[in-house]
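To find a chain, count down the sequence lines: A is the first, B the second, and so on, and within it residues start at 1.
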Amino acid sequence: MNSIALNSLARLMCFPPGKFVRVNSFLCPPSTRKLSLPIFPGNEHAIRSLCSSPSLDIPTLTELVSNQHYSELKARLRASRSNPAAVLRQMLDSGSDPELTLRYFKWSRDELKLSHTLELTFGLSHSLASAKKYSKMRSFLDEFVRVSDGNTVSSIFHSISNCGGGFCNGSIIVDMLVWAYAKNGKTQLGFEAFKRAGDYGYKLSIISCNPLMSNLAKDGAVGDLEFVYKEMIRRRIKINVVSFNTVISGLCQARKLNKACDVVDDMKACGVSPNVVTYNALIDGHCKSGGLSRMYKADAILKEMVDSKICPNEITYNILIDGYCKDENVAAANKVFEEMQRQGLKPTLVTYNSLINGLCNSGEISKAVSLQDQMSSSGLKPNIITYNVLIHGFGKNDMFKEAREMLDVIEKEGLVPNVITFNILVDACCNSGKIEEAFLIHASMASKGVLPDVSTYNSLITGLCREGKLDKAEKLFEEMKDNSLKPNVVTYNILIGSLCKKRESRKARRLLDRMVKIGLSPNHVTFDTLMDGYCLEGNLRAALKVRELMQKEGLRANIATFNVLIKGFCKQGKMEDANSLLNEMLQRGVVPNRTTYDIIREEMVEKGFVPDIDGHMYNVSG
DNA sequence: GTAGGGTTAG
């Protein structure tokens, strides 16, 4: 009998902490982890007597678990008065097969409703890691992350580093832990664990870091994303093309194109070549950048891509087609559509959806419908997005009958209308003054298994406000809360706008204070709307005060802000002030748009000036 | 240990 076996025996007795067992005049605290009884003549007797007690020895225990004789295991545990948690500790210490220990862990947790300590959880993880049972370990930690809510990352790390097992295995455990957090959408915990791994010196891998960065990118947490990326480089974690692409796409989605380009330079410097995914992310970033020459730049990247011998794929073309459609250039989108097919690529469902959307938005409904036919005959089944796009198109073109009929088509095709489908319909009705019908659709939603969301209410409130039924709108605003829906910034903006139109800017201002109080951040539209309201009442001082407030919130005056203020000053005949605002915006690099000039021209014309062909003003009255 | 990146609707 060696010291491990002795250790096992003492543990199996499961004495409560603080009591000591007397074995041949040796006092041995049973809760000491590294307990070992010295073996010398006379000791064997005591050991034998321990073995013959009704307790559960390790071989019997592992055999019962191995054969899944759980009822007997339960009976034996009871008969021997063993503490099931201590038995688990014992299995770990005795070097039992970790898979059987894992089985016992789960059984005692589920059957005996035992909640095992972090120390045991990570002791088992270490044991699985030592036996290289990595897939078992992965699912074990995955499960742990899904069910454990109360544990802090700090206490988890404490257990991992303190429950024995090597440092290398610690790294693998932490890596899988971060991976599990990411996989289960617990991104913040994953991020915290990532940071703490650095403090402890545990080495992570792309297996956990890539999914973590992917989540951070999806959440729009670009600051944290950049932190992880830079830390990975600093900690010398080997980065691959997916890591770079994740960072690049995250930055592109956050409209940080310059930083995205820097990362492209980083990857080239690391000897990693950009691939089709890299280019797709960059092209999409430019398409959605909102800049005037965005499609020109997107096209330039496409050329660079081809020059680098990277072949554009379906997704590349889809991005470009959608980009041109959003740029209100369906003709260019069509050219890309044809080019795509010339290159031997088949248009996908996304291709058709984007093009149909482009056609609908440019009022070419019949072309959109025939493209949908073409799509169906090429063997592609429309999805709910296709139908939503068409319903939107019909609604915008006053084709309500067709829009409503689409609901039946959707169901006939075995598809399910979603909240967006209904919102499009409600919005279409509200925009054309069919407010009663909008409410009928709203009321029918629940029976179709779709619950209205904040957007549904925002459309209805807009509709009511437009008809001047502000009291009903406010009632609906209160009703939202009863349906556990929180009004958002848009809801407040609608109501603020409506109050402003009624020349109740002070009341609108109080609504702004209320939204701040409940933790909602006003956006540009909020401030611009309120400024517009004060301007309408001729209260330019109040309008300028709102601008100050906006700047305090970290929002800078943009083109919309300047247009509101310039209009306000023009209407009051304060052309000099309007002019200095125009100068200010130019100084700040805000480019005046058509609206800016229209506002000024309108005022000038009213004052008896006529514009010449170049837009210069000449006074004809004096 | 074997994971992870790019496109469409209000």
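- Applying the ring-ring contact (aromatic ring centres under 6.0 Å, His included) test to pairs two or more places apart or on separate chains, those with a residue in residues 410-450 of chain A are His442(A)-Tyr457(A).
- The stretch residues 364-384 of chain A has no heavy atom under 4.0 angstrom from DNA chain B at all.
- If you check every strand for non-hydrogen atoms under 4.0 Å, Lys326(A) touches sugar and phosphate atoms only.
- For Asn357(A) and Asp322(A), the side-chain atoms include no donor-acceptor pair closer than 3.5 Å.
- For the OP1/OP2 pair of dG1(B) and a distance below 4.0 Å, the side-chain nitrogens and oxygens of Lys136(A) include no atom meeting the criterion.
- Rounded to an integer number of Å, the gap from Phe194(A) CZ to dA3(B) P is 20 Å.
- Rounded to whole Å, the distance from CG on Leu349(A) to P on dA9(B) is 12 Å.
- Spacing between atom CG of Leu390(A) and atom C1' of dA9(B) amounts to 10 Å, rounded to whole angstrom units.
- Cation-pi check for Lys203(A) over Tyr200(A) is not met; the charged atom does not lie both under 6.0 angstrom from the ring centroid and within 45 degrees of its normal.
- Listed candidates were dG5(B), dG6(B), dG1(B). Nearest to the side chain of Gln253(A) is dG6(B).
- Residue-level contact check: Asn431(A) touches neither bases nor backbone, having no heavy atom under 4.0 Å from any strand.
- Aromatic rings of Tyr492(A) and Phe477(A) (six-membered ring for Trp) have centroids within the 6.0 Å cut-off, being under it.
- Between Ser432(A) and Asp398(A), the side chains place no donor N or O within less than 3.5 Å of an acceptor N or O (distance only, hydrogens not considered).
- Ile207(A) places its CD1 atom 8 Å from the P atom of dA3(B), with the value rounded to the nearest Å.
- Regarding Lys346(A), its NZ atom lies at a distance of 23 Å from the P atom of dT7(B), rounded to whole Å.
- Regarding contacts with the backbone of dG5(B), every side-chain N or O of Ser249(A) stays at 4.0 angstrom or more from both OP1 and OP2.
- For Asn353(A), the side-chain atoms get nearest to dT8(B) when compared with the rest of dG5(B), dT8(B), dA3(B).
- Put simply, CD1 on Ile206(A) is 13 Å from P on dG1(B), counting in whole angstrom units.
- Between the CE atom of Met267(A) and the P atom of dG5(B) there is a distance of 15 Å, given to the nearest Å.
- Using a 4.0 Å heavy-atom cutoff across all strands shown, Thr386(A) reaches no nucleic acid atom at all.
- Checked against the 6.0 Å centroid threshold, Phe122(A) and Phe144(A) count as a close aromatic pair.
- No donor-acceptor distance shorter than 3.5 angstrom exists from the side chain of Asp219(A) to the backbone of Ala221(A), with no hydrogens or angles considered.
- Nucleic acid contact for Val276(A): base, since at least one base atom lies under 4.0 Å from a heavy atom of the residue.
- Listed by residue number, Asn313(A), Ile315(A), Asn318(A), Ile319(A), Asp322(A) are the residues of residues 296-322 of chain A with a heavy-atom contact under 4.0 Å to DNA chain B.
- Base contact: Ile420(A) has a heavy atom under 4.0 Å from a base atom.
- A heavy-atom distance below 4.0 Å to DNA chain B is reached by these residues of residues 278-292 of chain A, ordered by number: Asn280(A), Asp284(A), Lys288(A).
- Although no hydrogens or angles enter the test, the distance criterion places no donor-acceptor pair under 3.5 Å between the side chain of Asp327(A) and the main chain of Gly323(A).
- With hydrogens and angles left out, the side-chain atoms of Asn169(A) and Ser130(A) include a donor and acceptor closer than 3.5 Å.
- At a cut-off of 3.5 Å, with distance as the only test, no side-chain donor of Asn493(A) or Thr529(A) sits close to an acceptor on the other residue.
- Lys238(A) has its NZ atom 19 Å from the P atom of dT2(B), to the nearest Å.
- In this structure Ser214(A) satisfies the side-chain hydrogen bond (donor to acceptor under 3.5 Å, both in side chains) test together with Lys218(A), sequence neighbours excluded.
- Considering only side-chain atoms of Ile385(A), the nucleotide from dT2(B), dG5(B), dT8(B) that sits closest is dT8(B).
- For Asn210(A) against dG5(B), no side-chain N or O and base N or O form a donor-acceptor pair under 3.5 Å.
- Across all strands shown, Met213(A) has no heavy atoms under 4.0 Å from either base or sugar-phosphate atoms.
- Residue Ser214(A) is classed as a sugar-phosphate contact, given heavy-atom separations below 4.0 Å to backbone atoms only.
- Residue pairs meeting the ring-ring contact (aromatic ring centres under 6.0 Å, His included) criterion with at least one partner in residues 163-196 of chain A, sequence neighbours excluded, are Phe167(A)-Tyr202(A), Phe191(A)-Phe227(A).
- Of the inter-residue distances, the one linking Ile310(A) atom CD1 with Ser273(A) atom OG reads 7.0 Å to the nearest 0.5 angstrom.
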